[in-house]
Amino acid sequence: PFWDSALLEEDQTPRPAWYTWCVAAHNDDRHAVDCMRPGYGAAITYTPDGSLQAATVGANQSLNSVTRLPSWAWQNPVSVGGAGTVYSRPAILRDPSDNLFIFTQGPSNTLQQTIRYPNGAWAGPYQIAGPGTTFSAPAVVRDPYNNVFVAAQGPSNTLQITQRYNDWSWHGPFQAAGAGTTFSAPAITMDKFDNVFVLAQGPSNTLQLTQRYGDWSWHGPFQAAGAGTTFSAPAVTMDTSNNLFVVARGVGNTLQLTQRYGDWSWHGPFQAAGLDTTN
């Protein structure tokens with residue numbers, strides 16, 4: 001089968017069989033471009049001292065932390081989560097007290113949290129949502145009151161929210177959008193009025209919006225872009241005028257932009273980059 005493990009002769013490291021065959025076909029070049037399968041991706045944040053903190057998926061499904069010091073010198077990766085703990089792109093969040101939180105899909109489709117405290121000590125990973133709850137990379141946002149919201153695709157293509165109150169107690173996951181609504185990892189953001197916005201690829205390649213108002217009530221999903229417009233997980237940002245910008249891969253590997261103005265009206269999608277620019 002395609003994903004059977006095989007051993008590379010030089011280091012006896014278990015690899016997918018297709019990778020071993022590909023390396024052999026490229027004169028034993030372990031880093032041949034044709035043999036590179038898509039990775040999980042990485043997450044990064046900035047700290048007040050001028051450091052950058054990145055989180056990546058390391059060997060054997062481990063979690064690595066990579067730091068760029070204020071001097072701009074990069075340090076070697078440090079393993080902060082053991083083998084078999086990470087199965088998605090990480091999401092990373094820093095709070096005002098300089099606690100750093102990394103969230104990932106864990107084994108058995110759990111949701112995992114790893115913490116770096118202000119003294120530099122790492123702890124975790126801790127399970128914050130149980131088996132069978134998490135089927136994508138998570139997305140995370142924090143409100144001004146230090147409540148944390150983690151969104152992920154759940155079972156049966158639902159949208160699940162796990163939240164941490166400012167007393168550090170975890171609750172959920174709660175279903176924010178029902179079965180058959182969510183077909184990608186979500187993106188999440190919050191406006192200055194404490195409204196939370198979660199975007200995801202929906203059925204028939206639509207773009208779906210689920211939102212939580214300042215009174216903590218959830219609404220949606222609403223279709224922000226129609227069928228045949230959205231072919232990837234989206235990314236989202238918001239400006240100081242409360243305009244919301246969402247990008248995703250569109251037809252023909254284009255980059256599509258859908259935007260919500262400050263009056264809450266949605267517009268687009270518009271093509272932001274042409275054919276074969278976005279894979």
Side-chain angles (χ1 to χ4, degrees), residues 38 40-41 43 87-91 103-105 109 111 129 132-141 149-163 172-191 195-213 216-238 242-279:
Y40 288 105
Y87 291 84
S88 76
R89 180 186 70 245
F103 301 93
T104 58
Q105 179 185 341
N109 300 104
L111 179 61
T133 62
T134 306
F135 290 81
S136 76
V140 61
V141 72
F149 305 89
V150 185
Q153 180 184 337
S156 302
N157 300 103
T158 54
L159 176 65
Q160 301 286 326
I161 304 293
T162 304
Q163 53 198 43
F174 307 104
Q175 183 175 295
T181 62
T182 306
F183 289 82
S184 74
I188 192 169
T189 192
M190 173 176 282
D191 70 13
N195 299 298
V196 176
F197 305 92
V198 185
L199 287 302
Q201 180 184 338
S204 302
N205 300 105
T206 55
L207 178 64
Q208 299 286 325
L209 164 71
T210 304
Q211 53 197 44
R212 193 217 70 181
Y213 298 149
W216 287 62
S217 62
W218 285 91
H219 302 266
F222 307 104
Q223 184 174 293
T229 62
T230 306
F231 291 83
S232 73
V236 62
T237 192
M238 180 171 286
N242 221 33
N243 297 299
L244 195 77
F245 304 91
V246 186
V247 290
R249 181 164 65 100
V251 173
N253 296 324
T254 57
L255 180 66
Q256 298 289 323
L257 168 70
T258 305
Q259 54 196 51
R260 194 215 68 182
Y261 298 154
D263 64 3
W264 287 61
S265 62
W266 282 90
H267 303 266
F270 308 104
Q271 184 175 298
L275 292 172
D276 294 321
T277 61
T278 308
N279 291 308

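Computed from heavy atoms alone, side chains included, the values below leave out hydrogens, waters and symmetry copies. Count residues from 1 along the sequence.
Looking at Q211 and F222, their side chains come closer than 4.5 Å, going by heavy atoms from C-beta outward. With a 4.5 Å cut-off on side-chain heavy atoms, L159 and P221 do not count as touching.
Considering only residues two or more places apart in sequence or on other chains, R260 meets the side chain to side chain contact (heavy atoms under 4.5 Å, CB included) condition with F197, M238, N242, L244, W264, W266. A search for side chain to side chain donor-acceptor pair (under 3.5 Å) contacts involving N109 returns nothing, not counting sequence neighbours. Applying the side chain to side chain donor-acceptor pair (under 3.5 Å) criterion to T206, with sequence neighbours excluded, gives Q208.
Of all the heavy atoms in I161 and V198, the pair that sits closest is CD1-CG2, 4.4 Å. Heavy-atom minimum distance, A224 versus T258: O-CG2, 3.6 Å. Summarising the geometry of R89 relative to A185, their closest heavy-atom pair is NH2-CB, 4.2 Å, with the distance given to 0.1 Å. Taking each heavy atom of T158 and Q175 in turn, the nearest pair found is CG2-OE1, 3.5 Å. Contact record, A248 with P234: CB-CA, 4.2 Å, taken as the closest heavy-atom pair. Across all non-hydrogen atoms, the minimal contact from P90 to A43 is O-CB, 3.3 Å.
Rounding to the nearest 0.5 Å places CZ of R249 at 8.5 Å from OG1 of T278. For the atom pair L255 CG and N279 CG, the distance stands at 11.5 Å (nearest 0.5 Å). Here the CG atom belonging to L275 is positioned 8.5 Å from the CG atom belonging to N253, to the nearest 0.5 angstrom. One finds the CD atom of Q153 at 8.5 Å from the CZ atom of F135 (value rounded to the nearest 0.5 Å). Here the CG-CG distance, from D191 to N243, works out to 11.0 Å after rounding to the nearest 0.5 Å.
At distances below 3.5 Å, not a single donor-acceptor pair connects side-chain atoms of S156 with backbone N or O atoms of A179.
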